[in-house]
Protein chains: 2
Amino acid sequence: MAETLSSQEALKLWHQALLSSVRAEGPDLSARQMALFLQVYLAPPPHTVRGLAATLQISKPAVVRALDTLGRLDFTRRRRDQSDKRNVLIQRTVKGSVFLSEFADWVVTASDTL
Amino acid sequence: MAETLSSQEALKLWHQALLSSVRAEGPDLSARQMALFLQVYLAPPPHTVRGLAATLQISKPAVVRALDTLGRLDFTRRRRDQSDKRNVLIQRTVKGSVFLSEFADWVVTASDTL
DNA sequence: CGCGATCATGTCGGTACCGTACCGAAATGG
DNA sequence: CCATTTCGGTACGGTACCGACATGATCGCG
């Protein structure tokens, strides 16, 4: 378990992890896209467009577009809810898990340099 | 000083901090833009366009555009190098410092929930 | 049934971003 | 001096994003 970070350490952590990601030619996700991506992987399902929009406090079309991008990257997948066909359930993918695992490593490595 | 983070903790930290930023209607910076921004504030000056491009390993026009955006937000400022007028020096601003300080708080708060 | 509410997504005009290629200004050195 | 190199920035064609609004499919209630 980590102890409390100082502000300076927090920024340095963010800086080093982002540097790793950018240099590795990782996908250039915006803050919204990354937040949405992590929400899908870390919060318990089910995830719907409306639910994600409410959680992130952004518009529904913004969620749809972010899902378009994440889907293009094969980081998330859409599936119709068979019990209520108005809903779309957002699911994880293998490729998304792999990227997230790599990303987590960058953060961990950055935290080791503090 | 913080101890080593586990991968799970690293992702949770990132998730919570980004959620705070997105919900606060913070600027929706991309990974590249944020990395560049942090580079300017955390690495020792001077910062030039070419130097930043080399450090981040991205193209020069990408740096120019990121600086356009950060300048529009008043997070960074350009200034001609008077000793070599081909160079542009990238400088910090008060507004950028304020935002970064707020952002650091979000990360620290997120780390406290681990 | 039928009809309003709900859900995701399409459409629109506008803006920002990408990489490649090119530009002019300034510095350098032969 | 003048050719060359080194700067930051711009032009271009293409893609993706934004918010606001409209649409089509589906549900659930009276």
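Letters A, B, ... mirror the listed sequences (proteins, then strands); counts begin at 1.
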Worksheet item: B/Q82 CD to D/dC7 P: how many Å, rounded?
Response: 17 Å

Worksheet item: Short question: side chain of B/R32, backbone of A/V22 - any donor-acceptor pair under 3.5 Å?
Response: no

Worksheet item: Within less than 4.0 Å of OP1 or OP2 of D/dA16, is there a side-chain N or O belonging to A/R72?
Response: yes

Discussion item. Side chain of A/P61 only, heavy atoms from C-beta on: which candidate in D/dA20, C/dA27, C/dG19 is closest?
Written reply: D/dA20

Discussion item. Using a 4.0 Å heavy-atom cut-off, does B/V49 contact any base of the nucleic acid, only the sugar-phosphate backbone, or nothing at all?
Written reply: sugar-phosphate

Worksheet item: Does CZ in A/R23 sit with more than 12 non-hydrogen atoms of other residues, nucleotides or ligands closer than 6.0 Å?
Response: yes

Worksheet item: Hey, does the side chain of B/T48 come within less than 4.0 Å of D/dG8's phosphate (OP1/OP2), counting only N and O?
Response: yes

Practice prompt. Would you classify A/K60 as touching base, sugar-phosphate or nothing, given that sugar-phosphate means primed atoms plus P, OP1 and OP2, and contacts are heavy atoms under 4.0 Å?
Written response: base

Worksheet entry | Rounded distance (Å) that lies between atom P of C/dA8 and atom CZ of A/R79 | 16 Å

Practice prompt. Looking at every strand, decide which applies to B/A66 at a 4.0 Å heavy-atom threshold: base, sugar-phosphate, or nothing.
Written response: nothing

Practice prompt. Confirm from the modelled atom types if B/R65 and C/dG19 form a donor-acceptor pair under 3.5 Å, side chain to base only.
Written response: yes

Worksheet item: Any side-chain heavy atom of B/Q91 sitting closer than 4.5 Å to one from B/T76?
Response: no

Practice prompt. Calculate the interatomic distance between B/N87 atom CG and C/dA26 atom C1'; express it in whole Å.
Written response: 10 Å

Discussion item. Taking 4.0 Å as the cut-off, does a side-chain nitrogen or oxygen of A/S59 come that near to OP1 or OP2 on D/dC18?
Written reply: no

Discussion item. Between A/R86 and A/Q33, which residue's closest nucleotide on DNA chain D lies nearer the 5′ terminus?
Written reply: A/Q33

Worksheet, complete the sentence: Scanning both residues in full, the closest heavy-atom pair of A/Y41 with A/T93 reads OH-N, 2.8 Å

Discussion item. Looking at A/R32, I'd like to know whether one of its side-chain N or O atoms comes within less than 4.0 Å of OP1 or OP2 on D/dG19.
Written reply: yes

Discussion item. B/I90 and side chain to side chain contact (heavy atoms under 4.5 Å, CB included): which single residue from B/L36, B/L70, B/L67 fits?
Written reply: B/L67

Practice prompt. Write down the distance between NE2 (A/H47) and C1' (C/dC7), rounded to a whole number of angstrom.
Written response: 18 Å

Item to complete: With the side chain of A/V64 defined as its heavy atoms from C-beta on, choose the nearest nucleotide among C/dT9, C/dC17, C/dC18.
Response: C/dT9

Discussion item. Nearest whole Å is fine: how far is D/dT15 C1' from A/L29 CG?
Written reply: 16 Å

Fill in: Closest non-hydrogen atom pair between B/A31 and A/D28, with its separation
N-OD1, 3.2 Å

Worksheet item: Atom CG of A/D28 and atom P of C/dG19: how far apart are they, to the nearest Å?
Response: 9 Å

Response to the item:
Whole-Å distance, A/K85 NZ to C/dT6 C1', equals 17 Å

Worksheet entry | Value in whole Å for how far the P atom of D/dA11 lies from CG of B/D68 | 12 Å

Worksheet item: Nearest to the side chain of A/D84 - D/dG19, C/dA16, D/dT26?
Response: D/dT26

Response to the item:
DNA chain C nearest-nucleotide lookup for A/R78 and B/V63: closer to the 5′ end is A/R78

Worksheet, complete the sentence: Whichever of B/L67 and A/D81 has the more 5' nearest nucleotide on DNA chain D, that residue is B/L67

Item to complete: Could you tell me whether A/R50 contacts a base, only the sugar-phosphate backbone, or nothing, with contacts defined as non-hydrogen atoms closer than 4.0 Å?
Response: sugar-phosphate

Worksheet item: At under 4.0 Å between heavy atoms, what does A/S30 touch on the DNA or RNA strands: base, sugar-phosphate, or nothing?
Response: nothing

